[in-house]
Amino acid sequence: MLHQLGLNSAAELFDSIPTDLRLSRDLNTTAALSEIELLAGFEKLAAGNKAAQRTSFLGAGAYQHYIPTIVDHIISRSEFFTAYTPYQPEISQGTLQAIFEFQTLVCQLTGMEVANASMYDGSTALAEAVLMAERVTKRSKVVACGAIHPEYLDVITTYVQHAGIELVHAPVDAQTGQASDPTLLLDNKTAALVVQSPNFFGCIEDVAALADKAHSVGALLIVAVTEAISLGLLKSPGACGADIAVAEGQSFGVPLSFGGPYVGLFATREKYARQIPGRLVGEAFDKDGRRGFVLTLATREQHIRREKATSNICTNEGLIALAATVYLETMGRRGLQEVAAQCAQKSAYAARRIAELAGFSIPLTAPRFNEFVVRAPLAAKELLSCLASDGNITGGLPLSRYFPDRPNEFLVCVTEMNSRAQIDSLVEGLTQATK
Amino acid sequence: MLHQLGLNSAAELFDSIPTDLRLSRDLNTTAALSEIELLAGFEKLAAGNKAAQRTSFLGAGAYQHYIPTIVDHIISRSEFFTAYTPYQPEISQGTLQAIFEFQTLVCQLTGMEVANASMYDGSTALAEAVLMAERVTKRSKVVACGAIHPEYLDVITTYVQHAGIELVHAPVDAQTGQASDPTLLLDNKTAALVVQSPNFFGCIEDVAALADKAHSVGALLIVAVTEAISLGLLKSPGACGADIAVAEGQSFGVPLSFGGPYVGLFATREKYARQIPGRLVGEAFDKDGRRGFVLTLATREQHIRREKATSNICTNEGLIALAATVYLETMGRRGLQEVAAQCAQKSAYAARRIAELAGFSIPLTAPRFNEFVVRAPLAAKELLSCLASDGNITGGLPLSRYFPDRPNEFLVCVTEMNSRAQIDSLVEGLTQATK
Amino acid sequence: MKSDITKVTSHINPNEALIFERSQPGRIGYRLPPLDVDEQPLADLLPQNFLRNDDLEGVPEVSEVDVIRHFVRMSTWNYSIDQGMYPLGSCTMKYNSRLNEKVARIPGFAGLHPLTEPADAQGALAVIYNLQQDLAEITGLPGISLQPAAGAHGEMTGVMIIRAYIDARDGEGGSAKRRTMLIPDSAHGTNPASAHLSGFSVKTIRSTSEGLTDLEHLRELCAVGDVAGLMLTNPNTLGLFERNIQEICRIVHDAGGLVYMDGANMNALVGVARPGDMGVDVIHLNLHKTFSTPHGGGGPGCGPCCCTKELEPFLPVPRIVRSGTGIPAGESSSATETAADFKLDFNHPQSIGRVKAFFGNYGMMLRALAYIQTHGNDGLREATEAAVLNARYIAQGLTSDFEKPYNNPPMHEVVFTDKRQTRKGVHTLDIAKRLIDYGFHPMTIYFPLIVPGAMLIEPTESVGRQELDQFVEAMRSIAREAIEDPELVLNAPHTTRIGRLDEAAAARKPVLRWKPKRKADAAP
Amino acid sequence: MKSDITKVTSHINPNEALIFERSQPGRIGYRLPPLDVDEQPLADLLPQNFLRNDDLEGVPEVSEVDVIRHFVRMSTWNYSIDQGMYPLGSCTMKYNSRLNEKVARIPGFAGLHPLTEPADAQGALAVIYNLQQDLAEITGLPGISLQPAAGAHGEMTGVMIIRAYIDARDGEGGSAKRRTMLIPDSAHGTNPASAHLSGFSVKTIRSTSEGLTDLEHLRELCAVGDVAGLMLTNPNTLGLFERNIQEICRIVHDAGGLVYMDGANMNALVGVARPGDMGVDVIHLNLHKTFSTPHGGGGPGCGPCCCTKELEPFLPVPRIVRSGTGIPAGESSSATETAADFKLDFNHPQSIGRVKAFFGNYGMMLRALAYIQTHGNDGLREATEAAVLNARYIAQGLTSDFEKPYNNPPMHEVVFTDKRQTRKGVHTLDIAKRLIDYGFHPMTIYFPLIVPGAMLIEPTESVGRQELDQFVEAMRSIAREAIEDPELVLNAPHTTRIGRLDEAAAARKPVLRWKPKRKADAAP
Ligand SMILES: Cc1ncc(COP(=O)(O)O)c(C=O)c1O
Ligand SMILES: Cc1ncc(COP(=O)(O)O)c(C=O)c1O
């Protein structure tokens with residue numbers, strides 16, 4: 001082929017690059033590995049992840065739930081995972097119809113009217129919601145109330161730093177664990193009130209009351225959900241009056257995978273549809289009246305609007321959104337209810353058992369879904385590290401990771417994957433470790 | 001639906017079964033398990049297979065070779081693994097073209113002219129070859145010569161017991177390990193001479209010489225290959241003059257899986273095509289001249305010929321034949337040569353090292369491919385069980401499993417999967433165990 | 001919109017040459033670790049005349065992405081269960097659970113060598129044992145061998161067991177007189193072929209106009225005195241339960257024969273009735289039908305042979321047993337039966353011998369056990385009920401338009417014929433091909449052989465009512481087309497990438513493999 | 001036979017309704033283990049007003065096989081890399097190795113919680129660290145953050161770093177005057193959108209008739225004194241290497257700005273030239289382009305941000321570092337770098353902050369590292385060479401029939417236009433749609449915006465010559481059709497299950513979700 005192009009060497013292909021910019025040596029990366037060697041290398045690294053196979057009660061924004069076997073089979077079909085963004089609808093209807101179903105499911109679960117085709121994850125979805133509230137209301141203050149996931153708060157802070165948005169925090173009520181009353185912070189410059197429910201401490205917020213407060217000053221209510229399984233049991237953000245609902249979709253059939261790829265859910269009211277960031281799929285018809293689906297309302301997007309776009313997002317989390325869609329359709333109406341109920345029941349059982357332990361308490365009083373804070377009689381980080389080494393149990397998240405002023409507290413998460421025997425051995429382990 | 005059929009209960013669906021034959025109780029099998037429980041149960045059983053993750057030098061008819069990752073991905077496509085036998089060619093061309101390629105590859109590797117769409121495994125393929133030789137020659141004596149896999153011999157014995165075939169054995173030459181001269185057993189009643197090469201002891205037979213002997217009395221030569229990778233390096237049965245070549249195809253990308261499913265390869269001369277057992281795929285054209293493939297020469301088969309069929313086989317090993325096809329096409333011409341060469345080199349290295357050990361010898365002198373017999377200074381079964389428990393190595397097969405008169409010998413197999421370090425630790429383990 | 005869902009659409013479909021036509025010298029799709037031992041000259045290892053001398057000419061040379069595209073493209077030419085109803089009668093094309101595939105790929109099973117010392121393979125043996133126990137309970141027959149690789153292989157095994165039993169019972173002289181196997185005219189072709197393999201000659205029993213075994217004819221044939229046994233399918237291949245099964249068994253037994261039941265149709269019986277309770281002596285099951293292991297485009301299968309206590313000594317060896325226990329076979333096995341010590345038992349001098357190397361198609365056993373355990377005992381019965389209900393629903397839906405040759409209500413499958421359509425020159429083959437245009441795999445056609453123009457329809461339990469309705473609607477629409485526009489049906493399918501292939505020409509001058517074009521033929 | 005391979009065939013393709021239209025009350029597709037703790041009345045656990053009160057109405061109720069068929073059917077409506085060439089310019093649709101998918105699914109990675117104590121996640125952190133090292137070596141830029149989830153996210157990160165750097169360098173007053181980001185008119189839309197997110201206003205730089213950045217215009221804009229930086233794609237979106245890149249960097253640097261390079265086109269450079277050596281300050285990579293992680297129908301991606309030592313303090317936190325070592329970033333990492341102690345480093349007070357929870361799209365990092373290691377250093381360069389060679393081959397093959405607006409030899413992608421075809425009324429969109437009938441995914445169309453009727457073709461290294469020839473042949477055939485039978489092209493595609501959709505109508509009255517039919521509308 002080189003010859004046919006009138007070239008004598010592969011190097012000539014790069015003649016348009018000035019010679020002094022061309023790399024005159026080999027890259028200092030490894031020599032090529034065979035499949036056998038490569039797999040052995042990664043298996044060895046994986047074995048270095050000592051926590052991967054432990055009984056775990058770690059949640060805090062990423063959850064261990066059962067993933068039906070069919071999810072991975074479907075997303076591993078060549079037709080799905082090796083396709084691009086569906087720019088050519090005639091040969092992309094598989095992806096498009098799946099996303100349309102995803103959007104519908106997100107609406108159903110969040111109780112909202114429109115949803116997009118996905119955001120990077122829950123944290124960036126929340127940041128985009130804040131930016132959208134500013135666009136919608138043309139106001140510049142945002143009140144984040146209660147215990148929002150600290151990493152989500154970090155991400156919002158990064159996103160808004162140059163957007164002329166003032167971010168204000170309403171504190172956590174030390175007794176209930178819910179947000180304290182934000183009324184004093186709300187005013188007619190407030191674009192949005194942001195709340196997470198269940199919040200970072202596992203407490204369910206009174207979202208409906210907060211919605212009223214936000215609306216009373218003309219602000220939007222943004223609700224974030226990190227544990228999307230809770231939507232199977234708890235009143236939806238939409239039903240509570242949310243204007244924008246975002247969620248981390250990882251709980252819907254997506255492996256923990258050390259933090260990603262996950263998928264951000266983003267939903268809002270129909271009237272804000274043209275302010276939504278990211279991709280949207282809509283129904284369309286060909287000239288013979290056959291139904292199909294297309295990417296739509298593209299004029300919001302960067303490839304048309306450029307710097308005036310509703311967001312810079314382009315590639316999103318298509319395949320993970322597909323995984324979530326397969327998960328939701330497989331579990332279905334009854335499965336989602338059951339898994340949510342099991343989480344709540346098992347978590348309540350664990351909390352009851354731990355509350356009985358000498359020296360331990362469950363300090364926060366608000367209703368919970370599947371996570372709760374435990375206060376231990378000693379430093380939580382040491383306690384949990386004991387539990388890991390002696391009992392091969394990851395007992396939860398020491399809150400000191402984010403809150404140095406809470407050395408003795410840790411966050412426990414219980415899902416349908418935790419058997420009663422596992423919960424009992426957690427309780428037993430805590431007992432032993434404090435003896 | 002019951003109602004619409006005029007029925008009142010599911011039980012009425014079975015009214016044509018006499019009441020006293022109906023089961024009036026629940027089956028005494030387990031209650032339904034969820035995916036979570038089921039997987040946990042099987043994982044626990046799998047953990048009981050202590051040998052599964054060991055370094056292994058076990059061959060003897062089933063071989064540990066590298067399986068390219070793409071093999072499983074392709075055979076896991078719904079379109080392949082959930083299809084039936086390709087009875088309707090218009091919607092089965094995927095399966096049919098793949099089998100046509102399989103047949104071609106089998107011909108190329110065995111050096112034969114026609115091959116079928118697969119047999120159950122190597123052992124039954126060999127039994128069918130014997131039956132076919134009887135049909136072709138209308139003679140009734142079969143001479144099995146040299147070290148044929150004992151389980152294959154068992155299977156032939158079962159198959160021929162009511163077919164009026166006399167099965168005669170020609171012994172193994174104790175020094176070389178090859179078949180001793182079968183001339184005296186051959187006569188004009190002999191339908192076939194059967195030989196395995198490399199044979200059960202890993203020795204390569206002089207197939208061409210045996211072919212001449214068989215042909216000189218008008219008998220067919222049947223060659224069986226249990227280690228199909230050897231075909232990448234050794235002269236093909238066809239080139240040696242075989243009339244029927246059969247092989248176990250497990251080495252071609254098929255997991256060990258405790259003995260199955262594997263796939264039997266079956267090939268012969270064109271003139272015997274109508275005597276072949278099992279399915280055949282052939283080229284065909286539609287009325288617009290488009291090329292396609294169909295099941296053909298069906299008049300040989302049981303669904304048409306019934307008791308006069310060339311075999312009773314119906315379901316064969318389609319998906320495993322597909323796996324072998326993917327394997328062969330991925331490795332390709334050069335890969336097959338390289339993997340065979342690596343097997344031969346590594347096996348030779350291991351034999352050299354073991355031969356140097358005090359008390360050990362390699363008793364058989366014939367050329368080898370990747371297996372060889374070792375004679376130990378003590379009982380092989382105990383030696384190997386030591387090696388397993390102390391070194392976590394499966395060192396080979398104690399020949400006493402089949403030959404009680406060979407207590408100190410064991411069969412070692414080395415493939416491209418055995419690194420030099422593994423071979424060295426086998427040698428070290430043998431040294432330790434005999435100290 | 002309704003018809004939009006019932007008929008297929010045409011869509012782009014890639015072409016793909018044979019891999020040999022795509023091969024390019026020098027391309028590779030693999031990479032091995034470098035050889036890590038000192039390389040010896042080949043000549044030192046092996047004599048020249050033992051080495052291949054064709055340099056593997058013709059074996060393809062392609063890249064990994066070539067291989068992927070090759071098979072992915074080809075795969076799109078197939079129809080599969082995962083795309084829709086696959087109502088092949090007698091084949092029980094039910095859903096193949098993804099979970100079972102995952103189980104079969106657990107490294108502790110998939111990586112286990114069959115010649116592993118039994119002590120180091122207890123988990124694998126437990127699976128075999130537990131499955132044996134469950135199949136014994138399901139069939140009511142306590143002796144099980146999982147060695148046979150498919151249905152026909154199980155038949156051969158079962159028939160050989162009958163032969164061995166009679167040989168043992170009657171001695172050489174007596175048994176030599178019993179060389180007849182009775183087989184109904186409706187039986188699957190594997191039955192007579194398997195009987196033949198065991199040295200039996202076959203006599204055919206007529207079916208009655210009701211579609212059942214003709215008892216008179218059976219008695220007559222039994223009276224000859226040479227009968228070794230009867231091979232009966234039940235429900236038979238017309239989808240009808242042989243309601244005289246007890247009487248049939250009695251007649252054969254009284255004549256000194258044994259009864260073999262072809263268990264291919266067990267999907268109509270699991271959890272509802274047991275062959276062992278009917279008087280049957282030996283059967284085979286198709287795990288790749290009733291127990292949902294995937295058909296794989298033609299295998300692998302697994303055809304366990306199940307027999308009475310009396311016949312147990314004749315089963316193939318090795319048998320997988322639990323040491324030192326006398327647990328009756330009917331007793332349920334739990335999912336995690338590992339405590340006991342499972343071993344290989346070769347000590348059965350009356351055994352017919354081995355029918356396959358190692359233990360049979362082990363991967364299929366894993367899947368079948370997973371099927372049994374995920375369904376649970378109630379789930380197994382419910383699946384049977386649904387399978388029969390679905391067939392009954394189709395039977396009802398089609399009687400107005402197609403000839404139903406037998407009146408009895410069918411079990412899990414139902415047979416129709418093309419009798420009414422032939423008047424317009426439309427035959428079963430045409431109807432089958434036209435069904436493709438409606439998005440369905442055709443039913444089994446021209447089987448059983450006793451029904452002219454047979455269409456044998458088995459929906460299985462894996463379809464919902466929506467799909468059943470669509471199927472019925474499609475068939476009725478074809479019936480209308482056969483009257484109004486027979487050409488449309490005669491030239492079907494119209495939507496597939498190729499049309500009907502000339503099978504006669506293909507068989508006349510068979511081309512069974514690719515060959516390189518001779519230089520002269522090749523394009524420049 | 002030749003054309004048989006180049007064009008698609010029509011084949012049956014199933015229809016499938018929306019899952020909501022298939023839902024049947026009472027069907028389930030899941031089974032959970034029974035609850036094994038004492039069940040409390042819900043009212044005891046949660047106040048009534050916190051509970052859902054819609055019973056999840058509308059969420060589908062279907063069986064497992066329904067779900068399988070639903071998605072398998074729908075999947076057949078897609079085109080994918082595994083089915084053929086996917087020459088979307090700027091998207092680098094190369095083969096996605098199956099091996100990498102397997103690596104990402106190793107339980108020790110897939111099951112690992114992101115908040116695991118670092119000491120218990122050393123293997124996972126080693127992967128991140130090793131990949132950082134490799135990307136630093138490949139780009140010549142030592143500071144790496146793998147946190148961004150896609151290219152645009154990486155851009156935002158990079159631009160924020162520029163802003164933070166300038167804020168720190170110039171202080172509040174000084175930096176307030178630098179709020180302009182220069183972006184060529186050929187740039188991808190994410191560039192200006194990302195600049196905007198960081199509070200910059202965008203000024204557009206013209207391209208020359210040669211298709212390169214207009215240096216005069218650049219100098220002019222830089223002279224204003226408000227320039228914070230330049231965002232340049234190199235090779236640019238016309239597939240041309242900006243050969244004045246060093247001069248460009250000098251101009252911007254001299255004006256007090258920084259240079260951001262959009263690394264989406266790194267597939268033309270890996271192993272051949274390094275942005276760090278060109279004077280670029282910060283870039284993003286698309287692991288889902290250059291490093292072959294699958295596009296997944298629209299993500300996930302991974303958009304690492306790579307920068308100079310000077311900008312490193314501003315990278316997002318946490319950074320993944322190796323404790324106590326001063327190993328220069330350029331030094332190669334070995335496949336099994338675990339001995340050392342990897343940790344999270346939050347101590348970067350100048351950091352722009354976090355851009356995403358946890359560590360980014362970790363699964364993509366595993367795949368990218370596997371890609372780098374299976375290719376090896378020579379393989380990476382060879383892939384680049386093949387990618388450029390293939391584009392060059394297409395460029396040569398199409399010049400006779402299509403307008404090539406720029407003369408310079410292209411790198412990994414080449415742009416053509418519909419100029420000659422418009423004479424007959426055939427436009428780029430029509431050519432793209434007609435390409436579908438030939439079995440190819442269309443190229444990128446109408447991008448870059450500066451080229452009227454642009455067709456941007458990027459074959460990547462994952463196609464062999466056979467396929468390239470088929471593509472060229474298809475395009476030339478379409479060129480002929482555009483002259484001889486323009487209607488054929490204007491109405492394309494002809495082989496797909498649906499025709500061109502009315503996108504304008506869809507946007508006018510958007511239907512973005514399924515809703516149940518109101519009772520009155522529903523069929524009886
Ligand atoms: C009634 C009947 N008997 C026997 C068989 C043979 O089973 P197999 O194909 O597994 O050998 C079949 C399968 O086609 C069958 O339908
Ligand atoms: C040149 C260029 N820049 C930036 C991007 C944005 O990357 P992503 O889609 O990953 O956000 C793309 C991808 O479409 C691109 O082609």
Side-chain angles (χ1 to χ4, degrees), chain A residues 10 13 16 26-29 31-32 41 45-46 48-52 58 74 77-79 81-85 90-91 93-95 104 120 123 151 154 158 162 255 257-261 282-284 286 290 292 296 302-303 306-307 309 312 314-319 330-331 333 335 349 420, chain D residues 29-30 36-37 56 59 71 74-75 77-82 106 108 110-114 116 120 122-124 149-150 152 189 192-194 196 199 202 241 294-301 332 335 353-354 357-359 361-363 376-377 385 388 496 498-499 501 506 510-514:
Chain A
L13 290 166
S16 58
D26 276 348
L27 283 174
N28 190 8
T29 59
L45 285 170
N49 297 327
K50 290 184 245 154
L58 200 49
I74 289 171
R77 278 187 63 81
S78 295
E79 289 84 342
F81 92 97
T82 79
Y84 199 74
T85 302
E90 297 87 348
I91 46 174
Q93 285 299 309
T95 298
T104 305
Y120 301 139
S123 70
E151 301 203 4
D154 287 349
T158 305
H162 305 304
S257 192
F258 207 48
E283 195 178 67
D286 72 5
R290 281 177 295 215
T296 193
Q302 39 71 27
H303 62 279
R306 303 181 76 85
E307 65 268 29
N312 69 335
C314 178
T315 292
N316 44 64
E317 303 285 313
L319 197 70
T330 305
M331 298 305 284
R333 184 177 184 175
Y349 170 78
R420 181 190 187 129
Chain D
Y30 79 100
D36 58 359
V37 302
L56 281 181
V59 174
F71 287 101
M74 278 161 43
S75 76
W77 309 340
N78 271 6
Y79 187 94
S80 64
I81 295 180
D82 281 5
I106 293 174
L112 191 66
H113 194 288
T116 302
D120 293 347
Q122 285 294 300
S194 299
H196 174 74
V202 171
F241 189 83
H295 278 270
S332 167
R354 232 183 216 296
F358 312 126
F359 309 108
N361 281 344
Y362 183 76
N377 47 6
E385 290 166 0
V388 174
T496 50
I498 53 166
L501 294 168
V511 174
L512 304 176
R513 58 166 293 191
W514 173 87

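Scope of the values below: all heavy atoms of this structure, side chains included, with no hydrogens, waters or symmetry mates. Each chain gets a letter, A, B and so on, in the order the sequences are listed, and its residues count up from 1.
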If you count heavy-atom pairs under 4.5 Å with chain D, which of [options] comes out on top?
options: A:T85, A:I91, A:D26, A:T330; answer: A:I91
options: A:I74, A:T95, A:D154, A:L27; answer: A:L27
options: A:P255, A:A83, A:A46, A:A51; answer: A:A83
options: A:S78, A:P261, A:A52; answer: A:P261
options: A:H303, A:E317, A:Q302, A:R333; answer: A:R333

Original post:
Backbone N or O of D:A193 within a donor-acceptor pair of the A:N312 side chain at under 3.5 Å?
Top reply: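 No, A:N312 side chain to D:A193 backbone: no donor-acceptor pair under 3.5 Å.
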**OP:** Measure from the side-chain N and O atoms of A:R420 to the backbone N and O of D:D36, and report whether any donor-acceptor pair falls under 3.5 Å.
**Re:**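 Between the backbone of D:D36 and the side chain of A:R420 there is a qualifying donor-acceptor contact (under 3.5 Å).
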Subject >> Pairing residues for A:N49 by the side-chain hydrogen bond (donor to acceptor under 3.5 Å, both in side chains) criterion, not counting sequence neighbours >> reply: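 Partners of A:N49 by the side-chain hydrogen bond (donor to acceptor under 3.5 Å, both in side chains) criterion come out as none, since no residue qualifies.
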Picking from [options], which has the most non-hydrogen pairs under 4.5 angstrom with chain A?
options: D:V59, D:N78, D:N361; answer: D:N78
options: D:A149, D:A357, D:G111; answer: D:A357
options: D:I498, D:V202, D:D120, D:V511; answer: D:D120
options: D:S80, D:G29, D:G108; answer: D:S80
options: D:G296, D:P510, D:G376; answer: D:G296
options: D:G199, D:G499, D:G353, D:A150; answer: D:G499

Contact class of [X] relative to chain D, heavy atoms under 4.5 angstrom:
X: A:T296; value: side chain
X: A:S123; value: side chain
X: A:Y349; value: side chain
X: A:L13; value: both

Nearest atoms (heavy-atom pairs only) where [X] meets [Y]:
X: A:L319; Y: D:P300; result: CB-CD, 3.9 Å
X: A:S257; Y: D:Y362; result: O-CB, 3.3 Å
X: A:E307; Y: D:P192; result: OE1-CB, 3.3 Å
X: A:R77; Y: D:S75; result: NE-OG, 2.9 Å
X: D:A152; Y: A:Y120; result: CB-OH, 3.9 Å
X: D:G298; Y: A:N316; result: O-OD1, 2.7 Å

Original post:
Does some side-chain heavy atom of A:Q93 sit less than 4.5 Å from a side-chain heavy atom of D:L501?
Top reply: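 Yes - at least one pair of side-chain heavy atoms lies under 4.5 Å apart.
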At what distance, to the nearest 0.5 angstrom, does [atom1] of [X] lie from [atom2] of [Y]?
X: A:F81; Y: D:D82; atom1: CZ; atom2: CG; result: 5.5 Å
X: A:E79; Y: D:F71; atom1: CD; atom2: CZ; result: 14.0 Å
X: A:K50; Y: D:Q122; atom1: NZ; atom2: CD; result: 8.0 Å

**OP:** Please state whether the side chain, the backbone, both or neither of D:L512 comes within less than 4.5 Å of a heavy atom of chain A.
**Re:**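 Both parts, heavy atoms under 4.5 Å.
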Original post:
Any idea how D:H295 and A:Y84 line up, ring-wise: parallel (<30°), tilted (30 to 60°), or perpendicular (>60°)?
Top reply: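 Answer is tilted, since the angle falls between 30° and 60°.
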